[in-house]
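Because the structure is a prediction, the values reported are computed rather than measured.
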Amino acid sequence: MPVEEFRRAGHQIVDWLAAYFAYPERFPVLSRSAPGDLIRALPPEPPDTGEPFSVIFEDFERLIVPGITHWNHPGFFAYFAITGSGPGVLAEMLAAGLNVQAMLWRTSPAATELEEVALGWLRQLLHLPADFEGVIYDTASVSVLHALATAREAAMPDVRTRGAFGRTDLRPVRVYMSAHTHSSAEKAVLLLGFGRDAIHKVPVDDTLAMRPDALAEAIAADRAAGFLPLAVVATIGTTSTTAVDPVKAIADVCEREGVWLHVDAAYAGVMAMLPAWRPLFEGCDRADSFVVNPHKWLFTPFDLSVLYCRRMPLLRQAFSLVPDYLQTTEAAPVKNLMDTGIQLGRRFRALKLWMLLRYFGAEGIRARLLHHVDLARRFAGWVDDAPRWERLAPVPFSVVCFRHVPEGMSDEQALERHNAAILDAVNASGEVFLSHTRLDGRYALRLAIGNLRTEERHVRRAWELLADAARTVTV
Ligand SMILES: Cc1ncc(COP(=O)(O)O)c(C=O)c1O
């Protein structure tokens, strides 16, 4: 692509994105595509000859955009709402342009060192102690996999050499979590070869938080039965309801038992920046590993997950393997990011984190997080005050779980059909997108706030649409 053509097309794309950010509501938030629409619209064969970028871009607008669900829409309230913020998007453009592959310090010293600096800043903002070293991965799923692999390295150092399969000298492992722990922890257990039977689901209390007394009992019983208690995954901000496991009490148990403690704060970790929420994070300084996802609630374009680990040399011991062609010597000791995980090649993700931390500043971030919490509390208040609406969980952060209970309807299946119909109706509006969860067998609607462009009017509109749908849906 000649540079002049790149410049023209680049300006066109920046203009398109600026208009998109100025008014994302011109698109329905949830794509109205039917399965197979795009596949049918595109030729099955690749083009023989190159095409002008302008033609490709027209097809982007005509064919691709209708198949986009707009995570950057202020009416996006599903799952965990996120934002690809302006500074983050610009940083992504630069990172793509530079096309850095940061496997070794020398393959881009700035990428390696900026990761250290940005993660040092973030660590301070989260009030984690200095002995936590950070590393950037793509997702929290990959972060927990590395955390549990490191826990295995700690407990069974010879697994790296001898493997674990078919060994009778190794005790079967147990990993503790609750029914509300994200499925990625379970997947990590599967992938590490422990098998699903290794997962011990610890009971929760009535706020859906893990019970430390039950955890202690489970570990004691497992030990007595000959198992090796390997790790506990505690969550601050569970996926369904954003419940908070009591990390301090769990850390006491883990310390006493010599079990690895991984804290999953993928969504809510950023709230450690706010003094009023800090007590919820007590005990995190004693965790072995802690994950927070800036791509969830820190306005970072997808993807960027940070794993902080107090035992990073052990993680490197588990993962480092340096073939001859990657051996380097530098004038002083350096970090090579390829040693901190399974992947060799690494994107320059630190650039967007560094740029947006500078752009918003700690104060700016705190103010925006508080605004989201405030909006969620307002919505929860409307639910609480409305007859026939029921809130199904506490709101420690920015997610509200609730349902509509029509007069005379008490059968759970009927309630599920009714609330699922409400959800379909509001999502069909194109103005908002909510998702659902299930709590103790009860179907719950779920509204998550986390987009920078969400204002009170969007949340109010969601409430109006819900109320309209509750009146009109029939199942
Ligand atoms: C609490 C929690 N942990 C982990 C994850 C997995 O996140 P990722 O998509 O970064 O793997 C999620 C996803 O929503 C989550 O809610």
Side-chain angles (χ1 to χ4, degrees), residues 1-73 76 78-79 82-86 88-104 107-108 111 136-142 145 184 187 191 293 295 300-305 323 325-326 337-338 341-352 427 430 433:
M1 181 179 263
V3 167
E4 272 317 311
E5 186 186 345
F6 177 83
R7 193 189 309 278
R8 258 195 323 277
H11 285 155
Q12 188 188 2
I13 284 176
V14 170
D15 284 344
W16 190 92
L17 285 172
Y20 177 62
F21 293 148
Y23 191 47
E25 285 140 288
R26 72 179 186 276
F27 299 112
V29 50
L30 177 64
S31 167
R32 293 186 170 139
S33 275
D37 271 0
L38 182 64
I39 292 170
R40 280 188 295 273
L42 294 174
E45 310 288 340
D48 274 336
T49 52
E51 300 174 68
F53 191 79
S54 57
V55 173
I56 305 168
F57 191 67
E58 271 171 37
D59 279 355
F60 165 79
E61 287 200 280
R62 190 170 59 88
L63 301 173
I64 309 296
V65 173
I68 297 295
T69 288
H70 292 277
W71 289 74
N72 259 339
H73 190 294
F76 190 107
Y79 314 113
I82 59 173
T83 319
S85 63
V89 171
L90 294 173
E92 281 285 48
M93 287 170 68
L94 289 171
L98 295 172
N99 202 23
V100 158
Q101 203 281 59
M103 59 185 177
L104 296 168
T107 61
S108 258
I136 294 178
Y137 298 124
D138 52 1
T139 57
S141 306
V142 168
L145 177 65
S184 52
K187 273 196 193 175
L191 202 55
N293 275 5
H295 70 222
T300 308
F302 198 80
D303 50 15
L304 199 166
S305 174
Y325 84 103
L326 292 172
L337 288 174
M338 68 168 195
I342 187 68
Q343 66 185 103
L344 170 65
R346 294 198 173 234
R347 277 169 28 73
F348 188 7
R349 293 191 182 87
L351 187 63
K352 55 188 168 182
N427 287 346
F433 176 30

Validation: residues 51-60 side-chain donor-acceptor distances under 3.5 Å, sequence neighbours left out:
from	atom 1	to	atom 2	distance (Å)
D59	OD1	R62	NH2	2.8

Separation of F76 CZ from T69 OG1 (nearest 0.5 Å): 7.5 Å
Nearest heavy atoms of R26 and A19, plus distance in Å: NH1-O, 3.2 Å
Partners meeting side chain to side chain contact (heavy atoms under 4.5 Å, CB included) with L90 (sequence neighbours left out): M93
Can you give me every donor-acceptor pair (side chain of residues 33-48, partner residue at least two apart or in another chain, under 3.5 Å) with its distance?
from	atom 1	to	atom 2	distance (Å)
S33	OG	S31	OG	3.4
D37	OD1	R40	NH2	3.1
D37	OD2	A34	N	2.9
R40	NH2	P35	O	3.3

Qualifying residues under ring pair (Phe, Tyr, Trp, His ring centres under 6.0 Å), relative to H73, sequence neighbours excluded: none
side-chain hydrogen bond (donor to acceptor under 3.5 Å, both in side chains) against T83, all qualifying residues, sequence neighbours excluded: none
Worked check of side chain to side chain contact (heavy atoms under 4.5 Å, CB included) between I68 and F27: CA-CA 9 Å; I68 297 295; F27 299 112; over 6 Å; no
Neighbour count >12 (heavy atoms, 6.0 Å) for atom CG, L63: yes
Straight-line distance of L304 CG to K352 NZ, nearest 0.5 Å: 5.0 Å
Residue pair Y79 / F433, side-chain heavy-atom distance below 4.5 Å: yes
Min side-chain heavy-atom separation H70-P24 under 4.5 Å: no
Set of residues satisfying salt bridge (charged side-chain N to carboxylate O under 4.0 Å, His left out) with respect to R349, sequence neighbours excluded: D303
Partners meeting ring pair (Phe, Tyr, Trp, His ring centres under 6.0 Å) with Y137 (sequence neighbours left out): H146
Results of ring pair (Phe, Tyr, Trp, His ring centres under 6.0 Å) for F302 - residues two or more places apart only: H295
Y20 OH to N72 CG distance, which is reported to the nearest 0.5 Å: 5.0 Å
L145: side chain to side chain contact (heavy atoms under 4.5 Å, CB included) partners, not counting sequence neighbours: A188, L191, L192
Under the salt bridge (charged side-chain N to carboxylate O under 4.0 Å, His left out) test, residues paired with E25 that sit two or more places apart: R457
Within 6.0 angstrom of R32 CZ, more than 12 heavy atoms from elsewhere: yes
Test item: R347 side-chain N/O and D138 main-chain N/O as donor-acceptor pair under 3.5 Å: no
Atom of A111, atom of V100 and distance for their closest heavy-atom approach: CB-CG1, 3.9 Å
Sub-4.5 Å side-chain heavy-atom contact between L326 and L344: yes
Residues which pass side-chain hydrogen bond (donor to acceptor under 3.5 Å, both in side chains) with S184, listed by chain and number, not counting sequence neighbours: H182
Pairing residues for R8 by the salt bridge (charged side-chain N to carboxylate O under 4.0 Å, His left out) criterion, not counting sequence neighbours: none
